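Beneath this line is the structure, given in structure tokens, with notes to follow.
Bear in mind the structure is a predicted one, so any value in this text is a computation, not a measurement. Numbered from 1 within each chain, the chains take letters A, B, ... in sequence-line order. What you see below is based on every heavy atom in this structure, not just the backbone, and it leaves out hydrogens, waters and symmetry mates.
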Amino acid sequence: MTRYSRRTLLKAGAAFAGASAIGSPAILSAQSARIKIGHLVPLTGFLGAIGSYAQLGVKMAAEEINASGGIMGKQIDLMSEDSVNPATASTKAQRMIEQDGAVLLFGEISSASSLTIMQVAERNKKVFFSTGARSDALRGKDCNRYSFHCDIPNTVMVNAVGTALNQKGMVKGKKFVTLTADYIFGHDLLKAAKSFFSANDATLIGDELIATDVTDFSPYLLKVRQAKPDVVCCNLAGNQVTNLVKQYAEFGFAYPLVGFNLNTGDAWAMGEGNLSGTWPTVWYHALDNPASKAFVEAFSKKYGKPPENHAWIEYITLKMIAQAITETRSTESDALIGYFEKQSQFDIMKGRKAYFRSWDHQLVQEAYPFTVKPKNEMKDKWDMLVLGEAVPAAGAELESIYPTKTQNPCNMKA
Amino acid sequence: MQFGFLLEQVVNGLVLGGYYLLIALGLSLIFSVGGIVNLAHGAFYALGAYISVEITKYLGFGSAVVLSPVAVALLGILFERFILRRFYDADPILSLLVTFGLAMVTEQAIRIIWGAPPISAGIPQALRGSVFLGDFLFSRYRLLILAVVAAVLVGVWLLLHKTSFGRVVRAGIQRPDMVAALGIRLQPYMTAIVMLGVGMAALGGAFFAPITIVHPAMGAEIITVAFVVVVIGGLGSFWGVVIAALLVGVVRGITIHFAPAAGEASIYVLMFLVLLVRPRGLLGERIEKFE
């Protein structure tokens with residue numbers, strides 16, 4: 001057996017490092033014929049389930065763009081990885097920009113990870129589209145010039161569900177108990193919920209902050225019963241929502257369960273007859289408009305199931321990015337930011353078109369409250385929800401459900 | 001009133017402990033007899049849940065909770081015969097690596113077969129709702145789980161302490177060399193123990209599928225708690241594991257009652273305290289081959 005001395009190994013290593021340093025400019029120029037885009041989404045942990053839908057949507061968008069000749073004749077090179085947790089998300093984002101040559105980044109569902117990627121984007125002066133994170137703070141006090149936000153914020157989800165609950169007389173004078181995800185997203189949602197309760201004469205008599213990795217909610221459910229509320233309100237996220245709803249049905253409490261956050265993927269995983277109450281959504285595959293129908297059909301044909309709202313949001317985001325690059329003929333951050341800050345309108349498969357608001361970079365769009373379809377009316381297992389009227393109501397300004405400039409403390413450094 | 005609520009948490013904790021027990025007891029048995037730290041144990045729990053959801057679609061929940069553990073126990077034969085058997089006398093780090101690898105392979109296999117998104121599973125209508133004893137509330141479904149755990153526990157205890165099979169297994173834990181000298185091959189016993197262990201894990205998965213999210217990583221989520229229970233209980237002790245599982249469930253419930261933020265940390269604090277006072281765990285025995 002040949003044994004290499006430590007010194008030989010060291011020399012070989014140095015030679016290899018040297019060669020790759022000389023070689024790298026050549027590699028870069030050879031690859032500039034492609035547009036490299038970095039995509040991060042949680043595929044493990046409590047948001048991994050919905051993250052897996054996100055990845056299907058982004059893959060489909062990239063394949064469609066490449067099949068139709070790419071962007072300005074250049075193919076997209078999509079690098080899609082598991083963001084894991086806030087620290088890893090930040091490390092991977094930095095690596096994608098620095099070593100892999102990503103011209104921009106997008107993705108993410110966790111508000112905590114999104115925040116760390118936003119900081120990487122600002123430091124490197126690269127654009128980042130945060131697709132699935134819903135915390136108000138990201139578009140408010142933590143906003144920055146390089147970050148755009150595609151999903152509806154917590155305030156809009158509270159407004160969408162709150163309007164529907166108000167109409168049913170479930171808010172005024174009622175006692176609420178909330179169960180809240182214990183990280184930036186949940187804290188932020190609780191804040192929005194609290195201001196809704198106090199504006200509508202409801203009282204919050206109990207709140208439980210729950211760690212994101214909790215799978216057994218029974219001790220919390222016993223505490224809910226102890227508090228004797230009129231309505232129980234779920235401010236949880238990802239797998240937590242599925243677990244809570246399943247166990248809530250198991251205990252069979254009489255207090256109605258409603259929630260300010262739910263993703264269709266979480267609802268699909270809950271099992272028959274477990275979900276009830278009123279919840280918000282950003283998009284649903286049964287929306288009746290031509291663009292949405294075409295997308296749902298193509299997606300179902302490719303994957304054998306309808307798109308979840310994260311598949312949709314990743315799909316439309318990559319399409320918007322492609323449109324921006326094509327029209328500005330540039331992948332430079334300043335050009336792209338300028339394009340979106342013009343408040344260009346996009347068809348995002350909803351009744352009304354959407355645009356990124358220039359001063360806080362969030363996508364202003366319709367949202368929908370929904371209730372649950374009775375089992376005998378379901379066409380298939382995906383057909384679970386009955387959408388309510390879009391909010392804001394027809395004729396009202398889209399921005400009327402969004403925080404105003406005085407309510408939203410976003411100050412971007414130029 | 002306050003006391004009543006606390007009592008509710010204690011009883012609820014006992015039920016949860018019973019569920020941890022289904023997973024931890026097999027882990028403990030496999031380690032005690034074979035000296036193998038089975039990091040793939042959670043994978044069998046996940047398989048139990050997935051197979052049970054599949055069977056429920058065709059034959060109903062009742063058949064599913066019986067057939068799924070049986071199917072997984074049969075997989076356990078292959079697991080013992082072709083993988084574990086090569087590692088009984090090897091460096092423990094090797095068995096750790098191979099079972100860790102198997103856990104990952106199984107998780108990915110589940111992704112390939114059933115897809116990455118969680119699959120839907122619900123409780124049969126008849127088992128929903130709560131039972132009230134005065135002001136005392138209980139989930140009907142969890143009462144059923146408690147009854148099943150108690151039955152399994154009695155069964156395993158009888159098997160280990162009242163049969164010749166059990167005598168050989170217990171002797172094998174303490175003095176495998178003596179058992180061999182008496183002309184008894186431990187290998188078939190080991191196959192049976194692995195079948196029993198992974199079968200119990202699958203039973204836990206089958207019963208918990210209707211009330212927790214069924215997704216590929218569910219095995220990795222349960223394995224940590226199961227290890228905590230085994231470590232607190234002490235190796236080689238049947239009752240140690242039982243007491244530890246119930247203790248972990250109750251401590252978590254009571255902590256969430258008074259200080260919710262500390263709920264998930266409480267079981268690790270408990271482990272730390274127990275190990276400070278009793279390094280072999282609550283009822284851990286001195287086992288020659290592991291010292």
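One distance of note links CD1 of B:Ile256 with CG of A:Asp216; it measures 7.5 Å at 0.5 Å rounding. In this structure, CD1 in B:Ile211 is found 10.5 Å from CG in A:Asn274, a value given to the nearest 0.5 Å. The CD atom of B:Gln9 sits 10.0 Å away from the OH atom of A:Tyr220 when rounded to the nearest 0.5 Å. Here B:Ile222 contributes atom CD1 and A:Thr215 contributes atom OG1; the two are 6.5 Å apart, rounded to the nearest 0.5 Å. Here the OH-CZ distance, from B:Tyr141 to A:Phe251, works out to 12.5 Å after rounding to the nearest 0.5 Å. Note that the CG atom of A:Asn239 and the OG1 atom of B:Thr212 stand 10.0 Å from one another [nearest 0.5 Å].
Remark: A:Lys381 NZ is loosely packed, at most 12 non-hydrogen atoms of other residues, nucleotides or ligands lying under 6.0 Å away. Within 6.0 Å of the CZ atom in B:Phe258, the count of heavy atoms belonging to other residues, nucleotides or ligands exceeds 12. Atom NZ of A:Lys373 has more than 12 neighbouring heavy atoms from other residues, nucleotides or ligands inside a 6.0 Å radius. Counting non-hydrogen atoms of other residues, nucleotides and ligands closer than 6.0 Å to CZ of B:Phe132 gives a total above 12. The number of heavy-atom neighbours closer than 6.0 Å to CD of B:Gln108, taken from other residues, nucleotides and ligands shown, is above 12.
Taking every heavy atom of both residues into account, A:Glu272 and B:Arg128 meet most closely at O-NH2, 3.2 Å. For the residue pair A:Pro219 and B:Arg252, the shortest heavy atom distance occurs at CG-NH1, 3.8 Å. Closest of all the heavy-atom pairs between B:His257 and A:Lys223 is O-NZ, 3.1 Å.
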- [ ] May I have the step-by-step check of salt bridge (Lys or Arg N to Asp or Glu O under 4.0 Å) for A:Glu250 and B:Arg140, ending in yes or no?
- [x] CA-CA 8 Å; A:Glu250 175 205 348; B:Arg140 185 181 307 217; over 6 Å; no
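For A:Ile210, no part lies near chain B; criterion is any non-hydrogen pair under 4.5 Å. Interface remark: B:Ile119 contributes backbone atoms only to the contact with chain A (heavy atom separation under 4.5 Å). When heavy atoms are compared at a cutoff of 4.5 Å, B:Pro210 approaches chain A solely by way of its backbone atoms N, CA, C and O. For B:Glu264, the part lying under 4.5 angstrom from a heavy atom of chain A is the side chain only. Neither the backbone nor the side chain of B:Ala261 has a heavy atom closer than 4.5 Å to any heavy atom of chain A. Looking at A:Phe253, the atoms closer than 4.5 Å to chain B (heavy atoms on both sides) all sit in the side chain, from C-beta outward. Both the backbone and the side chain of A:Ala249 come within less than 4.5 Å of a heavy atom in chain B. Heavy atoms closer than 4.5 Å to chain A are found in the backbone of B:Ala209, but not in its side chain.
Ranked by heavy-atom pairs shorter than 4.5 Å toward chain A, the options B:Gly13, B:Ser130, B:Gly115, B:Ala220 are led by B:Ser130. In terms of heavy-atom pairs under 4.5 angstrom with chain B, the leader among A:Leu56, A:Leu221, A:Leu222 is A:Leu222. In terms of non-hydrogen atom pairs under 4.5 Å with chain B, the most contact-rich of A:Gln247, A:Met270, A:Arg225 is A:Arg225. Between chain B and the residues A:Gly271, A:Gly252, A:Gly45, the largest count of heavy-atom pairs under 4.5 Å involves A:Gly271. Ranking B:Pro260, B:Gly263, B:Pro216 against chain A, the residue ahead of the rest is B:Pro260, based on heavy-atom pairs under 4.5 Å.
Between the side chains of A:Ser218 and B:Asn12, a donor-acceptor pair is found at a separation under 3.5 Å.
A:Tyr53 has its side chain within reach of B:Pro117: a pair of non-hydrogen atoms, C-beta onward, lies under 4.5 Å apart.
No donor-acceptor distance shorter than 3.5 angstrom exists from the side chain of A:Lys246 to the backbone of B:Gly122, with no hydrogens or angles considered.
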